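Along the sequence shown, residues are numbered consecutively beginning with 1. Quick caveat, the model's predicted, so the values are computed rather than measured.
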Amino acid sequence: MSSGLSFFVSVWIKFFFLFTPFFALSMFLSMTKGYEEAQRRRLALQISGAVGILCFALFFFGNAVFTVFGITLDAFRVGAGVLLFLSAVGLA
């Protein structure tokens, strides 16, 4: 496998688990239970567009944003770990 393709697959797998599509889908369906199909589709497209824009903005300007707020990569990792831990505790 070429290095470009392996990089793409690696990033795709990370995004897949980062966005946890099965959890997001179940939450979306439960929160839009009373909506019509057209409303759900429009809302899903709006949410997908907003998330896509946010991802690209963080990809290109994330380091600058973190620098402005004084957030280091290690602090971000610790914060993400704490959020994951709290989420796991909430499930128990």
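Once rounded to the nearest 0.5 Å, the distance linking CG of L58 with CG of L54 reads 4.5 Å. Residue M27 holds its CE atom at 10.5 Å from OG1 of T32, rounded to the nearest 0.5 Å. Atom-to-atom distance recorded for E36:CD and R41:CZ is 12.0 Å, nearest 0.5 angstrom.
F60 is not connected to I53 by any chain of hydrophobic side-chain contacts under 4.5 Å among Ile, Leu, Val, Met, Phe, Trp and Tyr, and they are in different clusters. Put simply, L86 and V78 are part of the same group of oily side chains (I, L, V, M, F, W, Y) that touch within less than 4.5 Å, one to the next. Transitive grouping of hydrophobic side chains (ILVMFWY, heavy atoms separated by less than 4.5 Å) brings L29 and Y35 into a common cluster.
Of the possible donor and acceptor atoms, none in the side chain of S87 sits under 3.5 Å from a partner among the backbone N and O of L83. Between the side chain of S10 and the main chain of S6, no donor-acceptor pair closer than 3.5 Å is present.
Listed by chain and number, the hydrophobic cluster partners of L73 come to none, as no ILVMFWY side chain reaches under 4.5 Å of it. Through direct or indirect side-chain contacts shorter than 4.5 Å among Ile, Leu, Val, Met, Phe, Trp and Tyr, I71 is connected to V65, F66, F69, F76.
Side-chain contact between R77 and D74 is present, with heavy atoms from C-beta onward closer than 4.5 Å.
In terms of heavy atoms, T67 sits closest to N63 at OG1-O, 2.7 Å. Of all non-hydrogen atoms in R40 and K33, the two that sit nearest each other are NH2-CA, 3.5 Å.
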